[in-house]
Amino acid sequence: MPKEIKSEMDGRGLRVAVVVARFNEVITRSLLTGAVETLTRSGVHDQDISVAWVPGSFELPVVAKTLAQTGQYDAVICLGAVIRGETSHYDMVAGQASRGIGAVGQETGVPTIFGVLTTENMDQAINRAGGKAGNMGSHAALAAIETARLVQAIKTG
Ligand code: INI
């Protein structure tokens, strides 16, 4: 019988950093609200959540890496909104954000969560930031807790 490594969805005692892009702030503020509400509802203490704002999604990886390298966080959540209709360099900003955020997790070993909306237009972004398609910030918070707990479970055997 294979041994299953289980991850609990209990956030108590976890320290979580959230990096959030100011670009498209009307969207990213809703993502932040969703993330913080889900973290606290899952047991993460308010004083264990740190929030850092960056200018845009392009800057998420460097600040996420700086936070991860402090050793003070069990997970880092990155939140942003890249909207194709609003930018000609959508692919570059979205690509850099996703590649960079992925690299932070791999290089530091700290679960680093991709909570960046990449949509065709503002309506789609609104739908995914607390509208009818849920809140990507909330999903990112759940992914942070599950992955942080799984990493802890693997390390402690
Ligand atoms: N940043 C975003 O987070 N979303 C966008 O849609 C966007 N657009 O439209 O360009 C965007 N640009 C800013 C970018 O992230 C950097 O902050 C900027 O290029 C400075 O490095």
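Numbering of residues begins at 1 and proceeds along the displayed sequence. We count ligands from 1, going down the list as the structure has it; atoms in each ligand are counted the same way.
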Can you sort out which atoms of ligand 1 are near [X], meaning under 4.0 Å from one of its heavy atoms?
X     : value
His89 : 10 (O)
Asn24 : 4 (N), 5 (C), 6 (O)
Ile83 : 6 (O)

Check your understanding: In terms of side-chain geometry, is the basic nitrogen of Glu8 or Arg149 positioned less than 4.0 Å from the acidic oxygen of its partner?
Key -> no
Counting only heavy atoms, which portion of [X] has something under 4.0 Å from ligand 1: side chain, backbone, both, or neither?
X     : result
Val54 : neither
Val93 : side chain
Ala81 : backbone

Check your understanding: Between CD1 of Ile154 and CD1 of Ile5, what distance do you get to the nearest 0.5 Å?
Key -> 4.5 Å
Study note, to complete from the structure: Output for pair (Asp74 CG, Leu14 CG), nearest 0.5 Å, gives 5.0 Å
Exercise for review: Kindly check if the number of other-residue, nucleotide or ligand heavy atoms within 6.0 Å of CZ (Phe114) is above 12?
Suggested key: yes
Check your understanding: Is Phe58 in polar range of ligand 1, meaning some N or O pair under 3.5 Å apart?
Key ->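 N/O-N/O distance under 3.5 Å: yes.
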Review point. Below 4.5 Å, heavy atoms only, C-beta onward: do Arg128 and Thr119 meet side chain to side chain?
Key: yes
**Study point:** Side-chain heavy atoms of Arg84 within contact of Asn121, under 4.5 Å
**Key:**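 When only atoms from C-beta onward are counted, Asn121 and Arg84 do not touch, as no gap falls below 4.5 Å.
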